[in-house]
Amino acid sequence: MRFPGRFADALLADQLDHVSLSFLVDDLQIRRGGVAGNIAYAMGLLKQRPVLVGAVGADFAEYRQWLENSGVDCSAVHVSATSHTARFVCTTDETMAQIASFYPGAMSEARDIDIAAIAAAHDVDLVLVGANDPDAMVAHTRQAKAQGIAYAADPSQQLARLDGEQATELVDGATYLFTNKYEWALLQQKTGLSEADITAKVGIRVTTLGSEGVLVVDTDGTEVRVGVVPEVAKVDPTGVGDGFRAGFLTAHRAGLSLERAAQLGSLIAVLILETTGTQEWTLNTEDALERITKAYGSDAADDLAVLL
């Protein structure tokens, strides 16, 4: 929501102990989101068939239809009998100050989801453990390890919530580790582990660097750096990292190199950057290949064409 004024003008310093305020807003936008939903949607557009794992409320029906129409398998989604789907509600004023609330709701029931049961019912070759209920993240990591299923550790915004022991357990044995530059530093601080220590515990380490592109460190220590696809406009950065992960994993699990995987991830990321909302973008094959050619060359476009 957008408030056409300043929150500061309505906040009285000597009255903060009994605030009671209501702001008349000019705009309301309701958008689909969530880490799992964003990644699954992007993979669906890339002609994959991702299995969405998460906990939702009875209000998920419309969102479910949207995802299924986009190629996402929602059969493993847990529907709560008592809570609504998690949501973030935010009001922004004309100075870009924000008052917001996050309601976890059904997300708290994600810890009851059994990865082993889902793997038995689906052809699962990789589990991405993304930002979720912290107990669920730990449980799903343990379940993936117990079943011998490769997993990607992607704690992202929940890293601040996890303690050092939990964070260490998440990364120890991960086939992939995804962080941005800040999260990479925070992970080292939280766990007390050095760069070398963490690198020894994971397979492939992927660190996104914003406008500087991405750094990928292979299992043998080889570094691959890939620049961004130049943007037409910077509209909304929300969900850019989710899109990158979808593109990267789609390409690498299809057998392409780390460089090509990072290039596809960067393409999906810029498409989201240029769109308001995390699932409002579309994929046009001809345009995508043209942009890949301009950014990375014709060989990259030829290699990635099969996935587009």
### Query
Is Val216 close to Ile204 at the side-chain level, that is, under 4.5 Å between some pair of heavy atoms?
yes
### For Gln263 against Ala300, the heavy-atom pair lying closest together
OE1-CB, 3.5 Å
### Query
If you measure from CZ on Arg260 to CG on Asp299, what distance do you get to the nearest 0.5 Å?
6.0 Å
### Message
Quiz question: by atom type and distance under 3.5 Å, do the side chains of Asp59 and Thr85 form a donor-acceptor pair?
### Response
yes
### Summary
Nearest heavy-atom approach of Thr278 to Gly33 is OG1-CA, 3.8 Å
### Query
Within the side chain of His140, is there an N or O that forms a donor-acceptor pair under 3.5 Å with the backbone of Val127?
no
### Query
Just wondering, do Leu177 and Leu187 contact through their side chains at under 4.5 Å, heavy atoms?
yes
### Task
Examine Tyr151 together with Tyr176 and report whether their ring centres are nearer than 6.0 Å.
no
### Message
Would you say the ring centers of Phe88 and Tyr103 fall short of 6.0 Å from each other?
### Response
no
### Task
Measure across Pro155 and Leu162 and return the closest heavy-atom pair with its distance rounded to 0.1 Å.
CB-CD1, 4.1 Å
### Query
When you measure from the side chain of Thr191 to the backbone N and O of Leu193, does any donor-acceptor pair fall under 3.5 Å?
yes
#### Entry: Side-chain touch Asp172/Lys145, heavy atoms, less than 4.5 angstrom
yes
#### Entry: Pair Tyr63-Glu68, side-chain donor/acceptor within less than 3.5 Å
no
#### Entry: Any side-chain heavy-atom pair of Leu271 and Leu283 under 4.5 Å
yes
### Query
Can you check whether Ser194's main-chain N or O pairs, donor with acceptor, with Asp197's side chain at less than 3.5 Å?
yes
### Message
So, taking the atom named CG in Leu159 and the one named CG in Leu186, what distance separates them when rounded to the nearest 0.5 Å?
### Response
4.0 Å
### Query
Which atom names give the shortest non-hydrogen contact between Val229 and Val270, and what distance separates them?
O-CG2, 3.4 Å
#### Entry: Greater than 12 external heavy atoms within 6.0 Å of Leu16's CG
yes
### Query
Would you find more than 12 non-hydrogen atoms of other residues, nucleotides or ligands less than 6.0 Å from Glu165 atom CD?
no
### Query
Is a side-chain N or O of Gln147 found less than 3.5 angstrom from the main chain of Ala116, in a donor-acceptor match?
no
### Task
Tell me, yes or no, whether the heavy-atom count around Phe23 atom CZ, taken from other residues, nucleotides or ligands under 6.0 Å, exceeds 12.
yes
### Query
Can you find a heavy atom in the side chain of Arg87 that is under 4.5 Å from one in the side chain of Met107?
no
For a quick test of your reading: what N or O donor-acceptor pairs under 3.5 Å do the side chains of residues 46-58 make, sequence neighbours left out?
unit_1, atom_1, unit_2, atom_2, d
Gln48, NE2, Leu46, O, 3.2
Arg49, NH1, Gly71, O, 3.4

### Task
Determine the sole option in Leu264, Asp303, Val226, Leu267 for which the side-chain contact (heavy atoms from CB on, under 4.5 Å) test with Tyr296 is passed.
Val226
### Task
Could you check Lys190 against Asp163 for salt bridge (charged side-chain N to carboxylate O under 4.0 Å, His left out), going step by step and ending with a plain yes or no?
CA-CA 7 Å; Lys190 281 259 182 178; Asp163 61 32; over 6 Å; no
### Query
With distance as the sole criterion, is a donor-acceptor pair present between the side chains of Glu109 and Ser80 under 3.5 Å?
yes
#### Entry: Ser156 vs Phe178 side-chain heavy atoms within contact, under 4.5 Å
no
### Message
Ignoring hydrogens, what is the shortest heavy-atom contact between Ala262 and Val214? Give both atom names and the distance.
### Response
CB-CG1, 3.7 Å
### Query
Looking just at side-chain N and O atoms, do Gln158 and Arg161 make a donor-acceptor pair shorter than 3.5 Å?
no
### Message
Checking the side chain of Asp93 only, and the main-chain atoms of Ala97 only, is there a donor and an acceptor separated by less than 3.5 Å?
### Response
yes
### Task
Indicate yes or no for a side-chain donor-acceptor contact from Thr219 to the backbone of Gly203 under 3.5 Å, with no hydrogens or angles considered.
no
### Query
Does one side chain, of Gln29 or Asp27, offer a donor that lies under 3.5 Å from an acceptor on the other?
yes
### Query
When rounded to the nearest 0.5 angstrom, what is the spacing between CD1 in Ile149 and CG in Leu126?
9.5 Å
### Query
Any side-chain donor-acceptor pair under 3.5 Å between His252 and Ser257?
no
### Task
Specify whether Tyr41 and Trp281 have parallel, tilted or perpendicular ring planes, treating 30° as the upper limit for parallel and 60° as the lower limit for perpendicular.
perpendicular
### Task
State, with a plain yes or no, whether a side-chain heavy atom of Gln166 is found less than 4.5 Å away from one of Thr141.
no
### Task
Write down the atom of Ala269, the atom of Val240, and the distance for their closest heavy-atom approach.
CB-CG1, 3.5 Å
### Any donor-acceptor N or O pair under 3.5 Å, side chains Trp184, Glu195
no
### Task
Would you please name every residue forming a salt bridge (Lys or Arg N to Asp or Glu O under 4.0 Å) with Asp9, sequence neighbours left out?
Arg6
### Task
Calculate, to the nearest 0.5 Å, the distance between atoms OG1 and CG belonging to Thr293 and Leu304 respectively.
9.5 Å
#### Entry: From Met43 atom CE to Leu128 atom CG, the distance as rounded to the nearest 0.5 Å
8.5 Å
#### Entry: Trace of the salt bridge (charged side-chain N to carboxylate O under 4.0 Å, His left out) decision for Glu259 with Arg225
CA-CA 8 Å; Glu259 180 183 26; Arg225 292 182 180 270; over 6 Å; no
### Task
For Leu21, look at atom CG and say whether over 12 heavy atoms of other residues, nucleotides or ligands are found less than 6.0 Å away.
yes
### Message
Counting only heavy atoms from other residues, nucleotides and ligands, does the tally under 6.0 Å from CD of Gln15 exceed 12?
### Response
yes
### Message
Using the rule given for side chain to side chain donor-acceptor pair (under 3.5 Å), can you reason through Thr92 versus Gln98, listing the C-alpha separation, both sets of side-chain angles and the distance that settles it, and then say yes or no?
### Response
CA-CA 4 Å; Thr92 306; Gln98 294 183 324; 3.1 Å; yes
### Query
Side-chain donor-acceptor pair under 3.5 Å between Ser108 and Asp133, yes or no?
no
### Task
Spell out, yes or no, whether Leu256 and Leu215 are grouped together once hydrophobic residues are joined by side-chain heavy atoms under 4.5 Å, including indirect joins.
no
### Message
Keeping Glu274 on the side-chain end and Val232 on the backbone end, is there a donor-acceptor pair under 3.5 Å?
### Response
yes
### Message
Other residues, nucleotides and ligands only: do more than 12 of their heavy atoms fall within 6.0 Å of CG on Asp123?
### Response
no
### Query
Between atom OG1 of Thr175 and atom CZ of Arg253, what is the distance when rounded to the nearest 0.5 Å?
6.5 Å
### Task
Answer with yes or no after comparing the ring centroid distance for His84 and Phe60 against a 6.0 Å cut-off, counting only values under it.
no
### Query
Taking the side chain as C-beta and beyond, is there a heavy-atom pair between Ile272 and Gln279 under 4.5 Å?
no
### Side chain Asn38, main chain Gly239, donor-acceptor under 3.5 Å
no
